[in-house]
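Just below is one structure, and these are the notes that go with it.
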Amino acid sequence: MPQYDVAIIGAGVIGALTARELSRYALRVALLERCSDVAQGTTKANSAIVHAGFDAKPGSLKAKMNVAGNRKMEGLCEVLHVPFHRNGSLVVAFAPEEMDTLKELLARGEANGVPGLRLLNAQELREMEPNVNLDATGALFAPTGGIVSPYELGIAAAECAVRNGVELLRGFRVDAIAQTGGGFTVTSKSGSICADWIINAAGVHSDEIARMIGDASFTILPRRGEYLLLDTAQGGYVSKTVFQCPGKMGKGVLITPTVHGNVLIGPSAEDIEEREDFSTTEKGLRGIQDAVRRSVPHFLVRDVITSFTGLRAHCDKDEFIIAPSATNPKMLLAAGIESPGLTAAPAIAEALAMMVYNGYDDLGGKAKWEAGRSEPVRLRELSTERRRAAVEKNPAYGRIICRCETVSEGEIVDAIRAPAGARDVDGVKRRTRAGMGRCQGGFCGTKVLEILARELNLSPEEVTKFGGESKILLQKTK
Amino acid sequence: MEDYYDLIVVGGGPAGLAAALEAEKRGVERILVLERAETLGGILEQCIHTGFGLHYFGEELSGPEYADRFIQPVLRSERIAVKLDTMVLEVTPGKPGERHSVISVSKEDGLRVIACKAVILAMGCRERPRGALNIAGTRPAGILSAGTAQKYVNLDGYMPGKTVVILGSGDIGLIMARRMTLEGAQVKLVAELMPYSSGLTRNIVQCLEDFDIPLRLSCTVVGVHGKERLEAVTVANVDENRRPIPGTEETISCDLLLLSVGLIPENELTRAAGVAMDPVTGGAKVNQDRETGIPGIFACGNVLHVHDLVDYVTVESQQAGAGAANYIQGKGAPAPEYISAKGIRGVRYVVPQLVNRKTAEPVKLYFRVGQVYKNAFVQCSASGTVLAKKKRPRLAPGEMEDIVLKPEQLAALPQDVELVVEVLEV
C-alpha cells in the first residue's frame with residue numbers, strides 16, 4: 001500500500017495550496033481528489049472576490065485569516081501566474097440605518113487591520129461608480145478588495161505542488177478511514193493509501209470525513225449560491241466590486257467585474273440538504289436579478305452567457321475550523337471554509353503546513369523548491385509582435401481553436417500536458433478559457449474533444465465533459 | 001515585398017466564396033480568402049440534407065453540393081488565393097483613402113500583417129448557447145447546440161444521444177430532428193417558446209410531420225436533470241408573456257437536449273474595427289453595396305443579418321463583391337447621397353440601412369417581421385409617399401421578406417427623407 005507522510009483530502013483551493021506549502025519540505029504528500037479534476041467544488045463556483053476583511057468579527061479566525069490572506073494573495077498570484085486584480089470594493093447603503101451598518105463595518109475593518117478604509121458620501125460614490133443607484137446614500141470603500149480567478153488559483157497551486165513532488169490522485173473518493181497505530185489507512189474504490197497525517201480539506205464533505213474517525217464536533221450545512229455570468233460586452237459596467245449591506249444569510253447580492261472582463265452577479269443564499277446539488281433554480285436566478293437592481297437599477301441582465309451554482313461549506317459553528325481534530329490530532333481540520341475562505345486560503349494553507357511542520361523535530365526543506373509554475377502562453381493577451389514570436393517558436397500557437405476567446409491548439413496541448421493537467425473538456429476550459437466565451441463551446445467543443453482524445457490516447461467516445469459518466473458522444477453512427 | 005492584396009475576404013463559407021467570385025468576375029486582380037476551418041464551404045459542409053439552391057440554381061442540392069459550385073471556381077481561379085486553417089485576429093481600418101490591414105495567424109504561415117484596398121467581412125454566425133436561456137437545473141453532459149450535434153453526426157460520425165428533446169423550432173433544430181431519427185434516435189419532442197415555429201414551413205412538414213415528431217408551441221424547457229449525463233428535462237407551457245404556466249410542467253426522460261434557439265452574427269472583428277452596428281440585426285449598418293460605415297470595408301451573409309436561405313446569402317454576397325470591385329477600381333459613386341431605411345409597425349429591421357439614392361440599379365430592401373400576419377400588406381414609403389406595396393398571404397418572423405425600389409423613384413425623392421417599411425394589416 002502506498003505510504004505517505006501526509007494525505008490531503010480535497011484538491012480545492014485550500015487542499016491544493018496546502019499541498020504546495022507542504023511540498024517545500026522533505027515530506028511524501030498525496031493530494032486526494034474525488035473528482036476527475038482539481039478545483040471542482042466550492043473553489044470553482046463562488047464570487048471570486050479577494051475580500052478586504054471588514055466583514056468578520058474582530059478577533060475571529062475568519063478576520064485574522066482574511067486580512068492575512070489578502071496580503072499574501074497578490075504575490076502568490078504573481079508566482080503562480082493566476083489573474084488577480086486589486087479593483088477595490090464598495091459596500092453601498094440605501095437608508096440611514098444602513099449608513100450605521102457602514103460605520104460598524106468601518107470600525108470592524110479598522111479593528112481587523114484593514115488598511116485604507118473610508119466612508120464615501122453619495123457624491124463621492126457616484127464619481128467612483130457612476131452606474132450605482134442614485135438613491136444610494138453612501139458607501140464604504142475598501143481599496144484593498146480584489147478579484148481573482150479562483151479555479152485557476154486551485155489549478156496553479158496543484159500544478160506547482162505536483163512539480164514539487166506531491167502526488168495527485170484523482171477520482172479518489174474516500175469511503176473509509178481506519179486509524180492504525182498512529183497513522184491512517186484511507187480507502188477508496190480505486191485503492192487505499194496509508195498516511196501519518198490527514199488534512200481534511202473536503203469542503204462541503206469535511207464533516208463526513210471527520211465522522212470517519214469518530215469526530216462529530218461540527219456539521220456542514222451546505223448553502224446554495226447561484227450566479228449569472230455576463231458577456232464581456234457588459235464588462236465596463238462597474239469597476240469595483242459592489243456589495244449591498246450584509247444580512248443574516250451573507251453579504252447580499254453583489255455585482256463585480258471578473259478578472260477576465262466579464263460581469264458576475266450573485267449569489268443567492270439558500271440552505272439545502274443535498275451536498276451535491278449544483279442545480280440552479282428559476283427562483284434563485286430571478287431573485288439575484290431582482291436583488292442586483294437595488295445596487296444598479298438600470299442594469300440590463302442581458303448577454304448572460306452562463307449561470308451556475310456553488311455550495312458554501314457553511315458550518316454550524318459559524319467560524320473557520322483550522323485545528324487538529326480532538327478525536328485524533330493527526331487529522332488537521334480545515335472546515336467551515338466559507339466566505340472569506342478564498343481570500344483566506346493562502347493563510348490557511350500556511351497555518352496547516354505549520355501544524356504538520358511542528359509535528360517533526362527536524363524536517364528539512366527541499367534543496368530545490370519551485371514557488372510557482374511556468375507562465376502559460378495566453379495568445380489573446382500578447383501584443384502582435386509577441387504573438388508572432390510565440391507562433392514562430394511553436395506553430396501550434398497559430399492554430400486558433402476557440403474563436404470567442406482566441407485560444408490556440410498549442411495552449412490546449414500545454415494545458416493537457418502540464419503537471420496536474422486537464423483530462424476533460426471542462427478541464428481544458430478552465431485552464432485555457434476555450435469554450436468559456438459567448439458561444440460556450442459551440443464551435444470549439446468538437447475540436448477540443450479531438451485534441452483531448454489525441455493527447456490522452458482515448459477514443460472520442462471516452463472523452464468526458466467532467467469525468468465519470470459525463471460522456472459527450474455515445475457511439476459511432478451506423 | 002509587401003504582403004498585399006486588392007481584396008481580402010474574411011471567411012470562406014457561402015458568403016465569402018460568392019463575394020470573392022463576383023469581385024474576380026469584375027476584374028479584381030489579387031484576392032485572398034482567409035478561412036479558419038480546414039475546408040472551404042463553411043457550415044454548408046455539415047448540411048448534408050437537400051433543399052439548397054432551389055431559388056438560385058433552380059435545383060435541389062445538398063449543402064456540400066451547393067458549396068462545391070463555388071469552391072471549384074475559386075480553387076481554379078488564378079486571381080483568388082485561399083488560406084485555410086487561418087484565423088483573422090484583427091481588421092485595422094486605414095485612414096480615409098489609405099489601405100486597410102488584416103492580421104491573420106495560422107500554423108503554416110504564422111502571424112501575417114496583410115495590407116489591402118478592401119475587406120469583405122463574411123464570418124457568418126454562431127448559435128445561441130444554453131447560458132443565454134437561463135434554464136434552471138444541473139449542468140450535465142448531453143446538452144448541445146443543434147449545429148454542434150450536426151457536426152458530430154454528419155462530419156465526425158458519432159451520436160451524441162439516443163433519446164432527444166429539441167428546444168427551438170429553428171431550421172437547424174428541425175433538420176436535426178429528422179437527422180437524429182434517421183440515425184436511430186428517438187426524438188420525443190420539439191418545444192417552441194413562441195406560438196409559431198421560426199423554421200421554414202417546408203422543414204416542419206418534411207422533418208417533423210413526415211416522421212410523426214411532435215411539435216409543441218408556446219412551450220419551453222424549464223428544468224434540466226442528471227448529474228453527469230442528462231437524464232431528463234422538464235418542459236412547461238408558457239403564457240403570452242413567455243412565462244412558464246405553473247401546473248403545466250411535464251418531465252421527459254432523454255439523454256440529449258439540442259438547442260436551436262437562434263443565431264447570432266459573429267461580429268467581434270467588425271466591432272473591434274470600429275464599424276457602426278445595427279443593434280437589431282447584430283450586424284453592421286450597410287448601404288446597398290453592403291459597404292459598412294468605413295469605406296472599403298464590406299459585410300455580407302449571416303455576419304450581416306441572419307438569412308434563412310443560402311440562396312439569398314449568395315445574392316447578397318455578390319452585391320458586396322461587386323461593391324468591393326467598384327471601390328477597388330475607383331468606380332464607386334463619386335458623391336453618394338444616402339437616405340436611411342428603417343422598419344416600423346411590425347417590421348423589425350431593414351437591410352440595407354442606408355440607400356444611396358444616386359443609383360442606376362433597383363434597390364431591394366430585405367426585412368423581417370416580428371410576428372405572424374395573414375393577408376397583410378407590406379409597404380415602403382418616404383414622407384408619406386408610397387413607393388412600393390405588395391400583398392402577402394402570410395408573413396412570419398422565420399421568413400425574410402423583400403421589397404424593391406426603382407432607381408427613378410429614389411432619384412425623385414427630396415433630400416433628407418427616410419425610407420420606412422411597415423406591415424399594414426387588412
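All chains are named by letter (A, B, ...) in the order of the sequence lines, taking the proteins before the strands, and each is independently numbered beginning at 1. Heavy atoms only: backbone and side chains are in, while hydrogens, waters and symmetry mates are out.
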Answer with side chain, backbone, both or neither: which region of A:Thr446 has an atom nearer than 4.5 Å to a non-hydrogen atom of chain B?
both

Contacting region of A:Glu385 [heavy-atom separation from chain B under 4.5 Å]:
neither

Part of A:Phe466 within contact of chain B (heavy atom distance under 4.5 Å)
side chain

Check whether any side-chain N or O of A:Ser279 sits under 3.5 Å from a backbone N or O of B:Gly137 as a donor-acceptor pair, and report yes or no.
no

Take B:Lys162 and A:Leu474 through the side chain to side chain contact (heavy atoms under 4.5 Å, CB included) test and state the conclusion after the steps.
CA-CA 8 Å; B:Lys162 289 176 190 161; A:Leu474 299 187; 4.2 Å; yes

Counting heavy-atom pairs under 4.5 Å with chain B, which one of A:Arg387, A:Lys447, A:Glu392 comes out on top?
A:Arg387

Between A:Glu469 and B:Lys227, does at least one N-O distance fall below 4.0 Å, as a salt bridge requires?
no

With a 4.5 angstrom heavy-atom cut-off, could you sort out which part of A:Leu473 is near chain B: side chain, backbone, both or neither?
both

Is it the backbone or the side chain of A:Thr384 that comes under 4.5 Å from a heavy atom of chain B, or both, or neither?
both

Between A:Glu282, A:Gln475, A:Lys283, which residue shows the highest count of heavy-atom pairs closer than 4.5 Å to chain B?
A:Gln475

Side chain from CB out, backbone as N, CA, C, O: work out which of these in B:Asp109 comes under 4.5 Å of a heavy atom of chain A, or both, or neither.
neither

Could you check whether B:Arg139 and A:Thr306, counting side-chain N and O atoms only, form a donor-acceptor pair closer than 3.5 Å?
yes

Before accepting this row, confirm whether a basic side-chain N of the pair A:Arg399/B:Glu38 lies closer than 4.0 Å to the acidic partner's carboxylate O.
yes

Chain B shares the most heavy-atom pairs under 4.5 Å, among A:Cys404, A:Gly398, A:Gly468, with A:Gly398

If I measure from the heavy atoms of chain B, does A:Arg286 come under 4.5 Å with its side chain, its backbone, both, or neither?
side chain

Where does A:Glu409 contact chain B at under 4.5 Å (heavy atoms): side chain, backbone, both or neither?
side chain

Side chain, backbone, both or neither: which part of A:Leu449 has a non-hydrogen atom closer than 4.5 Å to chain B?
side chain

Okay, side chain of B:Arg229, backbone of A:Ile472: is any donor-acceptor separation there less than 3.5 Å?
yes

